[in-house]
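FYI, side chains are in, hydrogens and waters are out, and symmetry mates aren't considered; it's all heavy atoms of this structure. Every number for a ligand or one of its atoms is a count from 1 in the order of the listing.
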Amino acid sequence: MDTEERFQELLQDAIDYVKTGFRTHRPHKAEKGEQEKEHALQEESRGYDPGIDERIRSCRSCRLHEKRKNAVPGTGNTDADIVFIGEGPGEQEDIQGLPFVGKAGQLLTKMLAAIELKREEVYITNVVKCRPPGNRAPLPDEEEACFPYLEQQIRMIGPRIIVCLGAPAIKTILKSNLGITKLRGQIHRFNEVPVIATYHPAAVLRFPELYKRDVWNDLKLLRELYRDMRPSS
Ligand code: URA
């Protein structure tokens, strides 16, 4: 079985698991040493001002604050090489105050694992930090009101790669109204930082046959770009 077939199988397992709760594969337990390394990585972070999370949590710049349970600043390594940007918190994220913890989040975790990344080593955030009621798409003025937070987060983290998950992230970062189909598969730039655009995991969950091959190709592009940037060991 080649790598692509293996990935397709893994992704299908992940989709089945997220949809049905049936786990085809047991997740690996991180080695103790690895966990320690991850903690050290997080502590090494110097540039991220945690005050921004507090400002996001108390933000009232747009109507989305009215119905939120929790604002969701982001999670992961604040010194990460790779930042993933989704659309906005859903129900579970609003309850827990953490991004991508619902079904789409479970799939994102597995997509990362497929290219040997852990959630703890990347940073995960959203275009809007408060849940749009009923999970509607964020409105342009809401995206605009939240953009300074996203921009500051990116500046403080200083990633080497940004990955946009879905149309709102692509529109916000690339300032383009072109569809994902046109923008994926290439490397764009945001303030000089390379940007990869792909479909949102929720779209993959809804229409796996339509999107999983393209998402795999985008993940491969990310893996290659990241490998090229790291010194060979
Ligand atoms: N979808 C998103 O775009 N972001 C989340 O945090 C969860 C689901």
Report the relative orientation of the aromatic rings in Phe147 and Phe190; use parallel for angles under 30°, tilted for 30 to 60°, perpendicular for over 60°.
->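 It falls in the perpendicular class, over 60°.
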
Is a salt bridge present between [X] and [Y], judged by a nitrogen-to-oxygen distance below 4.0 Å?
X	Y	result
Glu192	Arg189	no
Glu142	Arg63	yes
Asp94	Lys67	no
Asp228	Arg160	no

Note: Glu93, heavy atoms under 4.0 Å from ligand 1, region reported as side chain

What atoms of ligand 1 come closer than 4.0 angstrom to any heavy atom of [X]?
X	value
Glu87	2 (C), 3 (O)
Pro99	6 (O)
Gly86	3 (O)
His200	1 (N), 2 (C), 3 (O)

When Glu209 is tested against each of Arg213, Lys212, Arg206 for salt bridge (Lys or Arg N to Asp or Glu O under 4.0 Å), which residue passes?
-> Lys212

What do you reckon, does Phe100 have a nitrogen or oxygen under 3.5 Å from a nitrogen or oxygen of ligand 1?
->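 Between Phe100 and ligand 1, an N or O pair is found under 3.5 Å apart.
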
Among protein heavy atoms, which lies nearest atom 4 (N) of ligand 1, and at what distance?
-> Asn126 OD1, 2.8 Å

Among the heavy atoms of Gly88, does any lie under 4.0 Å from an atom of ligand 1?
->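 Yes, Gly88 has a heavy atom closer than 4.0 Å to ligand 1.
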
